[in-house]
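Heads up, the thing below is written out as structure tokens.
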Amino acid sequence: MNQAPQVTSRFEPAAADQMEKIVSDLGRMYQERNEALQEVARAHHEALFRLSVAAEYKDDDTGEHIVRIGFLAETLALHMGKSKGYALMLRRAAPMHDIGKIGIPDSVLKKPGPFTPDERQTMNRHPAIGASILGKSRIELFQLASEIALTHHERWDGQGYPNQLAGEDIPLSGRIVAVVDFYDALTMNRVYRPAFSHEKVLEMLLAERGRAFDPAIVDCFMRSNIAMSAVRERVTNQQMTFSDLIQNEPVNP
């Protein structure tokens, strides 16, 4: 019986070495590609953050408010039992909630008195402007930021803007940011009024439970209000910035 000839593998070691080199090169190229994409995303994020800061300056603010919003939203989400990943993304997205104010004329944005109907209509355009700026990106972070920008002025009772959404039709991200925005805005000094006390703002928050705000989120905020106040003070006292927002470590709820 004829036996099949054995094939010698004279080039196997060389081929194996070559394959190993190709795999190594591909791995390095993949890593470099990912690092480059991450750097582009970070630069995009920082540019939009700076634009958000500019929008806050237009509103006679220091810019600290938007950093606190990020950490407060993350903390509240964790107290609600949401995942660390979701809470961390919320921290990074929430500071861009009012980026649309960059498109509102100063004559309206800085008006000291009440708005006329036309001025109110102009002011109420800023959520849609912000969502348009942020929603042009396909990156998940900016899609979430766009959702927040568009919906954080909606109300639980359907009387908000721009789309009069009600109840759970309002995305969770918008409902969370609405509460922490209310809290932080009222506990800070403004050119037209001094800050309200922590206790007074809790009373005002409870008064809007089931009206402006999701009752479950308000209840969670009330249960964790000491932790929320502590986070607010820490962010302020340590003068946290964009670099702190993009760290991977979640806050301690």
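This is a predicted model, so every value here is computed, not measured. Numbers here are sequence positions counted from 1.
- Nearest heavy atoms, Gly158 versus Gln164: O-CB, 3.4 Å.
- Here the closest non-hydrogen pair linking Cys220 and Ser224 is O-OG, 2.7 Å.
- When all heavy atoms are compared, the tightest approach of Ser83 to Leu78 is O-CD2, 4.3 Å.
- A 6.0 Å sphere centred on CD of Glu140 holds no more than 12 heavy atoms belonging to other residues, nucleotides or ligands.
- Both Val180 and Met222 are part of a single hydrophobic cluster, where members link through side-chain heavy atoms under 4.5 Å apart.
- Counting heavy atoms from C-beta outward, His65 and Ile69 have side chains that approach closer than 4.5 Å.
- Judged purely by atom type and a 3.5 angstrom limit, Asn189 uses its side chain to pair as donor or acceptor with the backbone of Ala195.
- With Asn163 contributing its side chain and Leu165 its backbone, the two residues share no donor-acceptor pair below 3.5 Å.
- In the hydrophobic cluster analysis, where Ile, Leu, Val, Met, Phe, Trp and Tyr join through side-chain heavy atoms closer than 4.5 angstrom, Ile170 is grouped apart from Leu134.
- Once rounded to the nearest 0.5 Å, the distance linking CD1 of Ile176 with CG of Asp214 reads 9.0 Å.
- Within the 4.5 Å cutoff, the side chain of Gln121 has no heavy atoms near those of the Thr116 side chain.
- Side chains of Met228 and Thr75 form a contact here, defined as non-hydrogen atoms less than 4.5 Å apart.
- Shortest non-hydrogen contact noted between Gly70 and Ala94 is CA-CB, 4.2 Å.
- Applying the ring pair (Phe, Tyr, Trp, His ring centres under 6.0 Å) criterion to Phe221, with sequence neighbours excluded, gives Tyr183.
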Got a list of side-chain donor-acceptor pairs under 3.5 Å for residues 124-131, not counting sequence neighbours?
unit_1 : atom_1 : unit_2 : atom_2 : d
Asn124 : OD1    : Arg120 : NH1    : 2.9
His126 : ND1    : Met123 : O      : 2.8
His126 : NE2    : Asp98  : OD1    : 3.1
His126 : NE2    : His153 : NE2    : 3.3

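- Residue Ala145 comes nearest to Met96 through the heavy atom pair CB-CE, 3.7 Å, listed as atom of the first residue, atom of the second, then distance.
- Every residue meeting the salt bridge (Lys or Arg N to Asp or Glu O under 4.0 Å) condition with Asp184, not counting sequence neighbours, appears here in chain and number order: Arg68, Arg232.
- Counting heavy atoms from C-beta on, the side chains of Ser173 and Leu90 come closer than 4.5 Å.
- In this structure, the side chains of Tyr86 and Met89 stay at 4.5 Å or more apart for every pair of heavy atoms.
- Thr241 places none of its side-chain heavy atoms less than 4.5 Å from the side chain of Leu245.
- Although no hydrogens or angles enter the test, the distance criterion places no donor-acceptor pair under 3.5 Å between the side chain of Gln239 and the main chain of Val235.
- For the pair Phe71 and Arg91, the minimum side-chain heavy-atom distance is below 4.5 Å.
- Rounded to the nearest 0.5 Å, atoms CE (Met240) and CD (Gln247) are 10.0 Å apart.
- Atom OG of Ser229 sits about 9.5 Å away from atom CG of Leu72, to the nearest 0.5 Å.
- By the 4.5 Å heavy-atom criterion applied to side chains, Glu119 and Lys111 are counted as neighbours.
- Nearest heavy-atom pair across Thr151 and Pro171 is CG2-CD, 3.6 Å.
- Under the 4.5 Å side-chain heavy-atom criterion for grouping Ile, Leu, Val, Met, Phe, Trp and Tyr, Val67 is connected to Ile99 within one hydrophobic cluster.
- For the pairing with Arg175, the side-chain contact (heavy atoms from CB on, under 4.5 Å) check across Glu168, Glu154, Arg155 returns one residue only, Glu168.
- Contacts of Lys200 classified as side chain to side chain donor-acceptor pair (under 3.5 Å), with partners at least two apart in sequence or in another chain: none.
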Note to self: Between Phe196 and Thr187, is the side chain to side chain contact (heavy atoms under 4.5 Å, CB included) condition met? List the steps.
What the structure shows: CA-CA 5 Å; Phe196 292 100; Thr187 50; 5.6 Å; no

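- Side-chain heavy atoms closer than 4.5 Å link hydrophobic residues (I, L, V, M, F, W, Y) into clusters, and following such links, possibly through other members, connects Leu76 to Val231.
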Atom pairs and distances, donor-acceptor, side-chain atoms in residues 201-209, under 3.5 Å, two or more places apart:
unit_1 : atom_1 : unit_2 : atom_2 : d
Arg209 : NE     : Asp219 : OD1    : 2.8
Arg209 : NH2    : Asp219 : OD2    : 2.9

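- Considering only residues two or more places apart in sequence or on other chains, Phe182 meets the ring pair (Phe, Tyr, Trp, His ring centres under 6.0 Å) condition with Phe213.
- Both Val177 and Leu144 belong to a common hydrophobic cluster when Ile, Leu, Val, Met, Phe, Trp and Tyr are linked at side-chain heavy-atom distances under 4.5 angstrom.
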